[in-house]
Amino acid sequence: MDLLAQILVNGVLQGGLYAVMALGLALVWGVLNIVNLAHGAFIMLGGYASWYLYTYLHIDPFLGLPLTAVVMFALGYGIQRGLLNLVIRAPMFNTLLITFGLEVVLTYLAQLVFSADFRTINPPYAGSSLALGPLVLPVARMAAFAVAIILTVGMWLFLLHTRLGRAIRATAQNLVAARLYGVEPRHLYAMTFGLGIALAGMAGTLYGTVSQINPYIGASLTAKSFAISIIGGLENPLGVLVGGLFLGIVESLTTLYIGQTYADVASFGILVLVLIVRPGGLLGRTT
Amino acid sequence: MSSSHTGFLSRLFLLLITCVPVFAAAAQDVVLGASVQLIGPVANTGRYYRDSYQFAIDKINAAGGVKIAGQSHKLVLKLYDNQSDVNLSMRQYTQLVTEDKVNLLLGPFASNFALADSAISEKYKVPMVQGGGASDQIFARKFQYIFGTLAPASNYFGSTISMLKLLKPAPQSVALLYADDAFDVSVAEGTRPMLKQAGLNIVLDERYSTNATDFNSLLSQIKSRNADVVLVAGHETEILNFVRQAKSLEVAPKMYSFTVGVPSEDFRKALGKDANYAFGMTPWLPSAELKDRWFGDAEQFAKAYKAKFGYDPDYHAASGAADVETLVQAMEDAGSLDPQKVRDALARIKFESLYGPIAFNANGQIELPQMVIQVQGDNVVEIYGLKGLIKQPKYPMPAWNQR
């Protein structure tokens, strides 16, 4: 019983991390209709940014989150204005190609610049934990989980209640109408992509404090984020949170009862099921 | 994962920007061909092979090259980057043999690569000496042209298990985790009977997918089943995650041991203090007792290597350098460049190298015992070898909050 409870806790905490990873991908996908295959590479870059901030400037990874976010936002804004905007009206295949190319370039540039060595963001509290009865709650994972909740709810409130957020949603729903109301799509798309990349960067920070960073982590993180976005739905950040938690718990239980090698089978199996049964995602509209 | 990761376009693109122009070897040069991982997920181990091959070749050339039938030949390395992609690696070995017409082959890194690439050397009957693949599968197919200088995967934990009997309090239960690739499955298959024979109780025996990042559930199971000993056969990235997550979940068995990581500086640096107490194994340490015709001994090899490349060699590098020496020795023994004659010379080769005594069994694999090593503070300490206990192990491992 204790084991099952611990496994569920592990799953929930892992799910929080998954949610942050997927948040940016889902936002960009939902608004720009670009499946950003370089998303994982941006998570990797965010991890390196935090690693450098922590190792050389001794800035705590969690306190440094805003700084990482700003840097990554600027990078994302620039890439959208300079590169992705060229294909924004192009067929889906072109956007896939260009973001795939971006992934390759970022990954191998990262190997040139950072080398293939492993990095870990390892503040003193990274390995400590709290005891709750028989349960062990790792501090860094709980902090990452808290950040996940804050970012998700923050995104949700931002999209609902700010002018920019409403403009983003309006553009996603009906571009022509949004333009008639004075929304400038080029700027807005770049803002959205920048936001998505900032979220990816922060996910990289959290990932680096609980796992390890090397130039090649991106592709599998993109795949995971993709699955979570589909499962949760693109319309609502809360959906992504639900999708992440769901996947985290399913993977943990699969590992316990069936075997770790089946965790990916389970998560992608669920992806297929969701596509068949609720194509809009767990929290999406069913129509 | 690599097939989805580096699709056709990326390969084409990278091939264009990374391919080093081929320089034509002068007629009497002996060309050794190899394809190793210079980019991609295992690039940081692939570099050992690129560096050690070139290092050994330069050293041998400086000493006059390889002497065949009274004539000296210079060695030349023809190296491709397989980008951590098995399919590309197979194509490159085919190209090395059929188009570049290299004389002999050196191996790639990692068992799954050696397993695939040895099919090429077999097909074209060009001997390959490889120091990057340890899986018993590579040698179980009765191939004639593949020779390996890494100790057999099935016996990686052999010395560790014999050491367990000497520990007090004696461990009773073992958890065995292994990744789902050729090398690690071989390790697990070899380890199980040894554990049973030692009278140890296997409380957890789990396979996990290569590149897994989340070990929390497996760790929770290890804790709830009270495993005294945890043996993990996997890759460095997985073991980094394993140790970090063990700490955060306060999972501290009496001891744990890993097939990879402990000998390499990069791994220990990434873990910092948390690497302490981890056991591992290596068939090689830079000892002055390992005499070598070209480098003097293993200690001098290690020093010169570090001075040239800026990082410490581990057994991968020593094995790679020994592969070059093995080919040279075999050509000299055979007195010929003829692949068939060199193969026959390889089959009965026997010489001392910086890596250890080189000789192959009937399957073409070396028989080399593993030394048990442990991280103690900032050092990697030799704990147990053929002669028994060398240094006292730090055992049992203290709880994480008492370090």
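All figures in this text were calculated on a predicted structure; none of them were measured in a lab. We name chains A, B, ... by the order of the sequence lines, and we start the count at 1 in each one.
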Identified side-chain contact (heavy atoms from CB on, under 4.5 Å) counterpart of B:Ser220 within the set A:Leu3, A:Val9, A:Val136 = A:Leu3
Below 4.5 Å from any heavy atom of chain B, which atoms of A:Leu4 appear? Answer side chain, backbone, both or neither.
-> neither
Does anything in residues 238-246 of chain B get under 4.5 Å of chain A by heavy atoms, and if so which residues?
-> B:Leu240, B:Asn241, B:Arg244, B:Gln245
Proximal component of A:Thr209, with respect to chain B [non-hydrogen, under 4.5 Å] = backbone
Test side-chain contact (heavy atoms from CB on, under 4.5 Å) on A:Arg141 and B:Asn216 and set out the steps.
-> CA-CA 11 Å; A:Arg141 273 182 189 262; B:Asn216 288 296; 3.1 Å; yes
Check against side-chain contact (heavy atoms from CB on, under 4.5 Å), A:Val210 and B:Thr213 = CA-CA 10 Å; A:Val210 301; B:Thr213 54; over 6 Å; no
Side chain to side chain, B:Asn44 and A:Ser115, heavy atoms closer than 4.5 Å = no
With the side chain counted from C-beta on, respond yes when A:Ser220 and B:Asn211 share a heavy-atom pair under 4.5 Å apart, and no when they do not.
-> no
Per-residue tally against chain A (heavy atom, under 4.5 Å) across B:Arg47, B:Lys223, B:Gln221 peaks at B:Gln221
From CA spacing to verdict: side-chain hydrogen bond (donor to acceptor under 3.5 Å, both in side chains), B:Ser217, A:Gln260 | CA-CA 9 Å; B:Ser217 291; A:Gln260 200 279 336; over 6 Å; no
Looking at A:Ala131, A:Gly248, A:Ser211, A:Ala116, which makes the most heavy-atom pairs under 4.5 Å with chain B?
-> A:Ser211
For B:Leu271, is it the side chain, the backbone, both, or neither that has a heavy atom closer than 4.5 Å to a heavy atom of chain A?
-> backbone
Pair count under 4.5 Å, heavy atoms only, with chain A: among B:Leu177, B:Asp180, B:Asp214, highest is B:Asp214
Do the side chains of B:Ser248 and A:Ser129 get nearer than 4.5 Å, heavy atoms only?
-> no
Does the side chain of B:Thr237 come under 3.5 Å of the side chain of A:Gln212 through a donor N or O and an acceptor N or O?
-> no
So which of B:Phe215, B:Trp400, B:Tyr208 has the biggest tally of heavy-atom pairs under 4.5 Å with chain A?
-> B:Tyr208
If you tally heavy-atom pairs under 4.5 Å against chain A, which of B:Glu250, B:Glu206, B:Lys273 wins?
-> B:Glu250
Kindly give the heavy-atom pair with the smallest separation between A:Tyr108 and B:Ile39, and that separation in Å.
-> CE2-CD1, 3.5 Å
Given that the side chain runs from C-beta out, which part of A:Ala126 has a heavy atom under 4.5 Å from chain B: side chain, backbone, both or neither?
-> both
Identify, with sequence neighbours excluded, every residue that meets salt bridge (charged side-chain N to carboxylate O under 4.0 Å, His left out) alongside B:Asp181.
-> none
Side-chain contact test, heavy atoms from C-beta onward, threshold under 4.5 Å: evaluate it for A:Asn122 versus B:Asp274 and give yes or no.
-> yes
Examine whether an atom of B:Lys269 lies under 4.5 Å from a heavy atom of chain A, and if so say whether it belongs to the side chain, the backbone or both; otherwise answer neither.
-> neither
Could you pull out the closest heavy-atom pair between B:Leu249 and A:Pro138, with the gap in Å?
-> CD2-CG, 3.8 Å
Name the member of B:Gly40, B:Ala270, B:Ser224 that forms the most heavy-atom pairs with chain A at distances under 4.5 Å.
-> B:Gly40
More than 12 heavy atoms of other groups within 6.0 Å of A:Tyr52 OH = yes
CG of A:Asp117 to CZ of B:Phe267, rounded to nearest 0.5 Å, is 13.0 Å
Please state whether the side chain, the backbone, both or neither of B:Leu204 comes within less than 4.5 Å of a heavy atom of chain A.
-> neither
Heavy-atom distance under 4.5 Å to chain B: side chain of A:Tyr207, backbone, both or neither?
-> side chain
